[in-house]
There are 2 protein chains.
Amino acid sequence: VVELRGVAKTYRMGSVTVSALRDVDLDVAAGDMVAITGPSGSGKSTLMNIVGCLDRPSQGSYVLAGRCVDGLADDALAETRNRSIGFVFQSFHLLSRLSALENVELPLVYRGMGVRRRRALACQALADVGLEDRMHHLPAQLSGGQQQRVAVARALAGRPSLLLADEPTGNLDSRAGRDVLALFQGLNDEGMTVVVVTHDPLVARHCRRILSVADGLIAGCAEVAAG
Amino acid sequence: VVELRGVAKTYRMGSVTVSALRDVDLDVAAGDMVAITGPSGSGKSTLMNIVGCLDRPSQGSYVLAGRCVDGLADDALAETRNRSIGFVFQSFHLLSRLSALENVELPLVYRGMGVRRRRALACQALADVGLEDRMHHLPAQLSGGQQQRVAVARALAGRPSLLLADEPTGNLDSRAGRDVLALFQGLNDEGMTVVVVTHDPLVARHCRRILSVADGLIAGCAEVAAG
Ligand SMILES: Nc1ncnc2c1ncn2[C@@H]1O[C@H](COP(=O)(O)OP(=O)(O)OP(=O)(O)O)[C@@H](O)[C@H]1O
Ligand SMILES: Nc1ncnc2c1ncn2[C@@H]1O[C@H](COP(=O)(O)OP(=O)(O)OP(=O)(O)O)[C@@H](O)[C@H]1O
Ligand SMILES: [Mg+2]
Ligand SMILES: [Mg+2]
C-alpha cells in the first residue's frame, strides 16, 4: 500500500536548513499494523504528513496503492486522500465553530455522501469512542481527551482503507487509551491498514512491527512477537 | 497556599446542565508537590483553571495565599495570576505569530520586566527544556512535543511560587518526559509549590500526594511513600 523511497524533507529558515527527514525508505503492506516511535522532534509527524498526502517530500518518491503521488497536482492529491485515508492529527485540528458531530461528518461531506447516511455513520463513530452524550458540544466545550476522541471518530467514520494516527492516546487516561486501541485492532482485523505514532509502549506492543525514528531516519525495525 | 471549599462548576447548554465539578474541597500547602489523575472528562482541567484564576467557580470559595479570590474583579484576578502562578495549558495555547522565545517572554512583559533581564530568563528557560536551537521557530515550525516544552518553559521563566501543569508530558517521549519531571522536582526542592495533572503513573509517583478525580468530585487521596 505505502512505498517510500529516499524521502527527505527540509525546511529553509533564512540561512538555516532544518532536515526533518533525511533519507527514508518505508514499506507498509495492506492489512499491516505498524507503530512509529522516537524522540520528540525526530521526524515522526513529518513522515506521517507525507504518507497522509498532507505534505510533499523535498526529495524521493512515494507510491500509494500502486500510484505515484509525489507528482500529483493538489486537487488530485486531496481526492486520493479523502477517498482512502483517515488521519488523526497530533493537535486534533477540530473546527471550532462546528459541533463534535459536524466535525466527524465533515470528511463525509467532502465525499458527497447523503445527509441521512453521513449522520448515521458519524453518530456511530462518536458512540464507538464513548461520546454519545457530547455530540452537540463545540470543541471548546469538551475536555482535551474528549477532543482527541472526536478526532479519532472523524478519522474512522468513513471506514478508510488506511488509518494514520499521530499520538492518538496522548491525552487519554489508560482506560480510554485501551478502548481506542481496541477499536483500531478490531478495524485492523477487518483488513484496515493502520500506522500509529506513539510514545506509549503499551500501544506499540499491540502492533506487528515497531519502527523507531531518530534524527530524520528510520533507525530500527522490530517485529513484535505474536500473542 | 490553595484552599478550595465546596467549589462547583456548571455549564448550561440550552436545557442541559453539565456539572464539570460538583463539590470540591482542596488544600495545597506551600512547597507541596501534588498529582491529579482521573478519567477523561472527569473535571481535572476545570479544577486547574479555577485554581489558576483563569475561570471562576459557579459556587464555593477559593482562598489563594490568604486572599479570597472568588470575589475579585477581572483585572485584580489577572494581576494575582501573573504575579505568582505559572500555568502549562493542556493544549499549549502558544501565540502563533510569536517565536518560541517571544512566547516564553510574554508573561514577563506583562510583569513589566526590562528587555535584557527578560531575554536572559527566557533563553535560560528554553535551554532548560532542551530547545536552545529552536528559539526563533514559530509554533507551526515546531513538533508537538517541542511546542509542549515551549509551554513548560513559558510557565517557569518567571520563577512563579505556584506551578500548575495540565498534562505537561502528554506529547513527550519517556526521555523528554523524565527531563521535564526532573525540572519540576528541582524547582519543588527549592520551594516552588507544584500541582500536576497527569495520566502517566511515572509522573504521579514522583509527587507527594495523588488526588484522583471522578465525575466532578475528588474521589480519593493517596500519600506516596517516600524514596
Ligand atoms: N464550556 C463547556 N460547556 C459544557 N461542558 C463543558 C464545557 N467545558 C467542559 N465541559 C465538560 O466538563 C467536563 C470536564 O471537563 P475537563 O476539561 O475538566 O475534563 P478533564 O478531566 O480535564 O479531561 P481530559 O483528561 O480529557 O483532559 C467534561 O465532561 C466536558 O465535556
Ligand atoms: N515548518 C518547519 N520549519 C522548520 N522546522 C520544522 C518545521 N516543521 C517541523 N520542523 C522541525 O522538524 C523536526 C521534526 O518535526 P516532527 O514534527 O516531525 O517531530 P516529531 O517526531 O513528530 O516530534 P514530537 O514527538 O515532538 O511530536 C523538528 O525538529 C521540528 O523543529
Ligand atoms: Mg509529532
Ligand atoms: Mg483536561
Side-chain angles (χ1 to χ4, degrees), chain A residues 11-16 18 20 37-49 89-92 94 99 129-131 133-134 136-150 166-167 169-177 179-180 197-202 204 212-214, chain B residues 11-14 16 18 20 37-49 89-94 99 129-131 133-149 166-167 169-177 179-180 197-202 204 212-214:
Chain A
Y11 299 100
R12 248 167 272 302
M13 293 176 63
S15 60
V16 173
V18 176
T37 62
S40 172
S42 55
K44 303 181 298 294
S45 293
T46 305
L47 179 58
M48 293 286 272
N49 289 340
F89 296 93
Q90 185 171 6
S91 42
F92 318 154
L94 300 178
S99 70
V129 295
L131 289 178
D133 61 349
R134 288 291 185 268
H136 304 295
H137 285 230
L138 298 175
Q141 300 171 322
L142 294 170
S143 78
Q146 289 169 339
Q147 290 176 32
Q148 185 155 49
R149 284 184 279 156
V150 172
D166 195 346
E167 309 265 14
T169 63
N171 277 284
L172 299 180
D173 57 285
S174 53
R175 208 353 258 267
D179 291 348
V180 165
V197 169
T198 185
H199 294 311
D200 183 348
L202 210 73
S212 48
V213 172
Chain B
Y11 297 101
R12 248 166 272 301
M13 292 177 63
V16 173
V18 177
T37 62
S40 172
S42 56
K44 302 181 297 296
S45 292
T46 304
L47 180 58
M48 291 286 271
N49 290 340
F89 297 93
Q90 185 172 5
S91 41
F92 317 154
H93 294 317
L94 299 179
S99 70
V129 295
L131 289 178
D133 60 349
R134 290 290 185 266
M135 288 188 177
H136 303 295
H137 283 232
L138 298 176
Q141 300 171 322
L142 294 170
S143 79
Q146 290 169 337
Q147 289 177 33
Q148 184 157 48
R149 284 184 280 157
D166 195 346
E167 308 265 14
T169 63
N171 277 284
L172 298 180
D173 57 282
S174 51
R175 191 31 232 279
D179 290 348
V180 165
V197 169
T198 184
H199 295 311
D200 184 347
L202 212 74
S212 48
V213 172

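Fair warning: this is a prediction, and the values are worked out from it, not measured in the lab. A, B, ... follow the sequence lines: proteins, then strands. Residue 1 opens every chain.
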Most heavy-atom pairs under 4.5 angstrom with chain B, which of Ala176(A), Gly14(A), Gly41(A)?
Gly41(A)
Please name all residues satisfying side chain to side chain contact (heavy atoms under 4.5 Å, CB included) with Ser45(A), sequence neighbours left out, ordered by chain then number.
Gln90(A), Asp166(A)
With a 4.5 angstrom heavy-atom cut-off, could you sort out which part of Glu167(B) is near chain A: side chain, backbone, both or neither?
side chain
At a 4.5 Å cut-off on heavy atoms, which part of Val18(B) comes close to chain A: side chain, backbone, both, or neither?
side chain
Against chain A, work out which of Arg175(B), His136(B), His137(B), Gln146(B) has the most heavy-atom pairs shorter than 4.5 Å and name it.
His137(B)
Sort out for me which residue in Asp173(A), Asp179(A), Leu131(A) forms a side chain to side chain contact (heavy atoms under 4.5 Å, CB included) with Ser40(B).
Asp173(A)
Segment of Gln141(B) engaging chain A (4.5 angstrom heavy-atom cut-off)
side chain
